[in-house]
Amino acid sequence: MKKILSMALALMMALAMFAGCAQQPAETPAEEPAAESAEAPAEETAAEAEATVFPLTVKDQLGNEVTLEHAAERIVSGYYISSSTCIALGLKDKLVATEEKIDKRPIYNLAAPELIGAVGNVGSAKAFDLEACIAAEPDLVILPKKAKDYAATLTEMGIPAIVVNPESHEKLVEMINLIGKLAGAEDKAAALTAHYDEVIDKVESLTANIEDANKPIVYMCGTSSYLTTAPKDMYQASVVTSAGGKNAGDSLDGDSWTDISYEQLIAMNPDVIIIPTNNMANGQPDFTADEVLVDEQLKEVTAVKNGAIYNMPAGFEAWDSPVPSGVLGMLWMTAKLHPEVYTMEEFADDAADFYKTFYGFDMDTSSILGDTAEKAA
């Protein structure tokens, strides 16, 4: 009996040992954390591979190839839109020269007062100061389309120069990402453009249920005359459309302010007329809403008969143009055209949040809420 018990015990021990051995492969998952840890550096390497590597060759918005040996540290911006972009991307400390009259543009006083009188002046696109630009010793120059010949000259001299032309929301985003990549501000560029997506989604949601018959025909005046308007391919036209309106100038071709006749304006018969700020965004254009209202040739235009003529707010930026804050123009337009879905009070809160987040200052919204943008009496 004892012999049988001994054999049975031995058999059980053998089976237990066999079972233990058989379970060893199943225990290998316990070692997986070590395997994951071993893979972590590979993931970091992949992330690093996606980072911008210099020397870097890019194409600007005219298709010109430009090479930078390192991330830009000294930037000349000869265009108020690219200068505002640099401020929004946290690059104001890298600006060594800018377009003229920055002391007249509110955004500098609000977000970058330290630049006023402290950086070089390279003039305007029409009268670019090449010598002042070279004297600033830039490693990146940003110019508008009108100054493309100067950009070519600078590139030939070995000074990297890009041309930007943000005449649509998509091109604005492209410009922001391009500057962010060249100046080491990709994260801030991504944050800014992600905010654009949020605003666009918001506006689309607000206007989604507005029937076509309830979308007003909107005539956007130019800054030189109320017989100048935005054609279909201009940034301003997209602002109107996005905000639940119909751009009166969509019958016109082009992407820049276009002169029209009284007959054309009467035929457009807009429901609403919008007057932007002046080119500096520090006041209104030379003409007034009152002049439009008393113009006898326009007395039968619906907007004139109803007094639906509105001034865009001055004192910040030209929100009808493709500046980084251009999305505020879309929100303002939505509040003005469809206050039933989005109020001016809500817009003021959104605008203040935008400037605090991307420009670092507390916006005084009293001018927006104080009827400065109300329709003419």
Side-chain angles (χ1 to χ4, degrees), residues 79-85 87-88 104-111 166-173 175-176 192-193 195-196 198-200 202-203 206-207 218-223 229-230 234-245 247 249 256-257 272-285 289 309-339 342-359 361 363-375:
Y79 188 26
Y80 73 95
I81 290 179
S82 55
S83 297
S84 182
T85 300
I87 295 172
K104 305 296 183 184
R105 292 190 180 276
I107 194 62
Y108 288 94
N109 286 292
L110 293 167
E167 275 302 337
S168 69
H169 177 73
E170 291 73 22
K171 289 294 184 180
L172 173 62
V173 169
M175 179 194 73
I176 290 170
L192 180 57
T193 56
H195 183 76
Y196 291 167
E198 293 174 7
V199 171
I200 291 172
K202 178 175 183 173
V203 173
L206 289 169
T207 59
V218 180
Y219 179 87
M220 176 69 77
C221 296
T223 55
T229 195
M234 199 171 181
Y235 179 84
Q236 285 80 351
S238 67
V239 172
V240 171
T241 303
S242 298
N247 181 47
S256 59
W257 295 113
V272 175
I273 293 176
I274 300 293
I275 301 176
T277 67
N278 62 20
N279 286 327
M280 289 290 173
N282 59 9
Q284 302 301 332
I309 304 175
Y310 306 104
N311 290 322
M312 295 193 78
F316 302 101
E317 292 184 277
W319 291 335
D320 65 304
S321 64
V323 289
S325 62
V327 290
L328 297 183
M330 191 186 305
L331 289 169
W332 179 87
M333 190 82 71
T334 302
K336 187 55 64 179
L337 300 182
H338 302 289
Y342 182 64
T343 67
M344 199 57 70
E345 289 76 15
E346 290 174 300
F347 165 69
D349 289 341
D350 286 341
D353 178 69
F354 177 88
Y355 277 124
K356 183 65 175 178
T357 301
F358 297 105
Y359 287 80
F361 69 88
M363 179 185 184
D364 180 0
T365 60
S366 60
S367 62
I368 295 172
L369 300 176
D371 290 343
T372 58
E374 287 301 309
K375 67 180 181 180

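FYI, the numbering just counts along the sequence from 1.
- Formation of a donor-acceptor pair under 3.5 Å by the T223 side chain with backbone atoms of N278 is not found in this model.
- Residues I274 and V218 form a side-chain contact, since some pair of their non-hydrogen atoms from C-beta on lies under 4.5 Å apart.
- In plain terms, the two heavy atoms of T229 and M220 that are nearest each other are OG1-O, 2.7 Å.
- For N282 (side chain) and K104 (main-chain N/O), a donor-acceptor pair under 3.5 Å exists by modelled atom type.
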Go through M333 and Y310 one step at a time and tell me if the side chain to side chain contact (heavy atoms under 4.5 Å, CB included) criterion holds. CA-CA 10 Å; M333 190 82 71; Y310 306 104; over 6 Å; no
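- Expressed to the nearest 0.5 Å, how far NZ of K336 lies from CG of L331 amounts to 14.0 Å.
- Looking at Y80, its side chain never comes within 3.5 Å of a backbone N or O of V323 through a donor-acceptor pair.
- Taking each heavy atom of M175 and P166 in turn, the nearest pair found is SD-CG, 3.9 Å.
- Atom CG in N311 sits 4.5 Å away from atom CD1 in I275 (nearest 0.5 Å).
- Across Y108 and S83, no two heavy atoms sit closer than the pair OH-CB, 3.0 Å.
- Residue F316 comes nearest to S367 through the heavy atom pair CE1-OG, 3.8 Å, listed as atom of the first residue, atom of the second, then distance.
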Tell me, with the steps shown, if M363 and K356 meet side chain to side chain contact (heavy atoms under 4.5 Å, CB included). CA-CA 7 Å; M363 179 185 184; K356 183 65 175 178; over 6 Å; no
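- Between A318 and A281, the shortest heavy-atom contact is N-CB, 3.6 Å.
- A side-chain donor-acceptor contact under 3.5 Å links T85 to the backbone of I81.
- Under a 3.5 Å cut-off, the side chain of E317 and the backbone N or O of P106 do not form any donor-acceptor pair.
- The closest donor-acceptor contact from the side chain of H338 to the backbone of G244 lies under 3.5 Å.
- Nearest approach of P276 to Q284, heavy atoms of both residues: O-OE1, 3.3 Å.
- Applying the 6.0 Å contact sphere to CG of N279 captures no more than 12 heavy atoms from other residues, nucleotides or ligands.
- Using a 4.5 Å heavy-atom threshold, the side chains of P322 and S168 count as separate.
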With side chain to side chain contact (heavy atoms under 4.5 Å, CB included) as the criterion, how do Y342 and L337 come out once you've worked through the C-alpha distance, each side chain's angles and the decisive distance to 0.1 Å? CA-CA 9 Å; Y342 182 64; L337 300 182; over 6 Å; no
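- Annotation: side chain of H169 is in contact with side chain of I200 (closest heavy-atom distance under 4.5 Å).
- Interatomic distance, I87 CD1 to S82 OG, rounded to the nearest 0.5 Å: 10.0 Å.
- Atoms OG1 and NZ, from T334 and K202 in turn, are 9.5 Å apart once rounded to the nearest 0.5 Å.
- Residues that satisfy the ring-ring contact (aromatic ring centres under 6.0 Å, His included) test with F354, not counting sequence neighbours, are H195, F358.
- At distances below 3.5 Å, not a single donor-acceptor pair connects side-chain atoms of T343 with backbone N or O atoms of P339.
- Residue W319 forms a ring pair (Phe, Tyr, Trp, His ring centres under 6.0 Å) with just one option from W332, F347, Y235, and that option is F347.
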Applying side chain to side chain contact (heavy atoms under 4.5 Å, CB included) to I176 and Y196, what does each step give before you reach the verdict? CA-CA 12 Å; I176 290 170; Y196 291 167; 3.4 Å; yes
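- For the atom pair CG (L172) and OG1 (T193), the distance works out to 9.5 Å, reported to the nearest 0.5 Å.
- Residue D349 holds its CG atom at 10.0 Å from CD1 of I368, rounded to the nearest 0.5 Å.
- For Y359 and S84, the side-chain atoms include at least one donor-acceptor pair closer than 3.5 Å.
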